[in-house]
Amino acid sequence: HRIREEYYVKQIAGLHDKAPPIPQIVIRVPEVTPDDTVGFKNENPCNIKGLSNGLWWGQIGVDNQGHAVFEHYSYSLRAASKVLMAYQVKHKRKTLRQIFMRYTHVGGQNYAKFVAKRLHVGVDQEIDVKQYMPELLKSIVLYENGKQPYPDSAFVPAGMLSDYE
């Protein structure tokens with residue numbers, strides 16, 4: 001049995017050497033400068049608040065304003081998508097005005113108008129949040145920070161909406 005085992009170990013080792021390399025996915029992370037926004041400094045470009053009953057995935061802390069601090073911005077995008085889906089599914093917010101009046105307590109009206117213009121929909125038009133999610137998130141990052149430096153691929157990760165599908 002030992003000889004057979006040694007033979008299989010050699011075969012497996014040989015297969016490992018012949019296996020093609022695993023492709024690496026690289027997402028360029030913008031360099032944070034001292035004049036950047038709180039959102040970029042916290043790796044939280046959506047300015048998601050920290051959870052009172054625990055942590056968001058990837059959350060490593062909370063700043064002095066209650067915003068979550070993430071280890072990578074992709075966790076902020078995921079959290080924002082969960083929040084937006086919860087607004088529509090759980091809280092029955094169907095229009096951008098309803099969504100952004102809840103998303104932010106100050107300036108929700110202007111926020112909704114900004115996003116509606118970018119999505120080419122009316123501020124009081126009922127929308128399917130899931131259908132517009134990548135553009136919704138890009139608009140949130142732009143509105144919150146004044147720029148949107150992330151690649152398109154950052155806005156469509158697998159499993160982002162799994163809790164509400």
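Just so you know, these numbers use all the heavy atoms, side chains as well, and skip hydrogens, waters and symmetry mates.
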Engineer: Tell me if a side-chain donor or acceptor on Glu43 pairs with a main-chain N or O of Tyr73 at a distance below 3.5 Å.
Structural biologist: yes
Engineer: Quick check: do Ile60 and Phe70 have side-chain heavy atoms less than 4.5 Å from each other?
Structural biologist: no
Engineer: With side chains defined as the heavy atoms from C-beta onward, is the minimum distance between Ile140 and Leu77 less than 4.5 Å?
Structural biologist: no
Engineer: Regarding Asp36 and Lys147, does a basic nitrogen lie under 4.0 Å from an acidic carboxylate oxygen?
Structural biologist: yes
Engineer: Would Val62 end up clustered with Trp56 when hydrophobic side chains under 4.5 Å apart are linked, directly or stepwise?
Structural biologist: no
Engineer: Nearest 0.5 angstrom please: Glu135 CD to Ile127 CD1, how far?
Structural biologist: 11.5 Å
Engineer: Nearest 0.5 Å please: distance from the OH atom of Tyr132 over to the CG atom of Leu96.
Structural biologist: 9.0 Å
Engineer: Could you check whether any side-chain N or O of Gln88 sits under 3.5 Å from a backbone N or O of Val129, counting only pairs where one atom can act as donor and the other as acceptor?
Structural biologist: yes
Engineer: If you measure only the distance, is there a donor-acceptor pair under 3.5 Å linking the side chains of Tyr111 and Glu144?
Structural biologist: yes
Engineer: Answer yes or no: is there a donor N or O on one side and an acceptor on the other, between the side chain of Asp63 and the main chain of Gln65, under 3.5 Å?
Structural biologist: yes
Engineer: Could you give the distance from CD1 (Ile99) to CE (Met101), rounded to the nearest 0.5 Å?
Structural biologist: 13.0 Å
Engineer: For Ser139 versus Leu119, what's the shortest heavy-atom pair and its separation?
Structural biologist: OG-CD1, 3.8 Å
Engineer: To the nearest 0.5 Å, how far apart are OH in Tyr75 and CG in Asn44?
Structural biologist: 13.5 Å
Engineer: Where the side chain of Thr95 meets the backbone of Gln125, is there a donor-acceptor pair that is under 3.5 Å apart?
Structural biologist: no
Engineer: Check whether Trp57 forms a cation-pi arrangement with Arg78 (NZ or CZ under 6.0 Å from the six-membered ring centre, at most 45° off the ring normal).
Structural biologist: yes
Engineer: Taking the inter-plane angle between the rings of Phe40 and Tyr150 on a 0 to 90° scale, is it parallel (under 30°), tilted (30 to 60°) or perpendicular (over 60°)?
Structural biologist: perpendicular
Engineer: May I ask you to decide if Thr37's main-chain N or O and Asn145's side chain share a donor-acceptor pair within less than 3.5 Å?
Structural biologist: no
Engineer: Between Gln98 and Asp124 (side chain of the first, backbone of the second, donor and acceptor by atom type, cut-off under 3.5 Å), is there such a pair?
Structural biologist: no
Engineer: May I ask you to decide if Ser74's main-chain N or O and His72's side chain share a donor-acceptor pair within less than 3.5 Å?
Structural biologist: yes
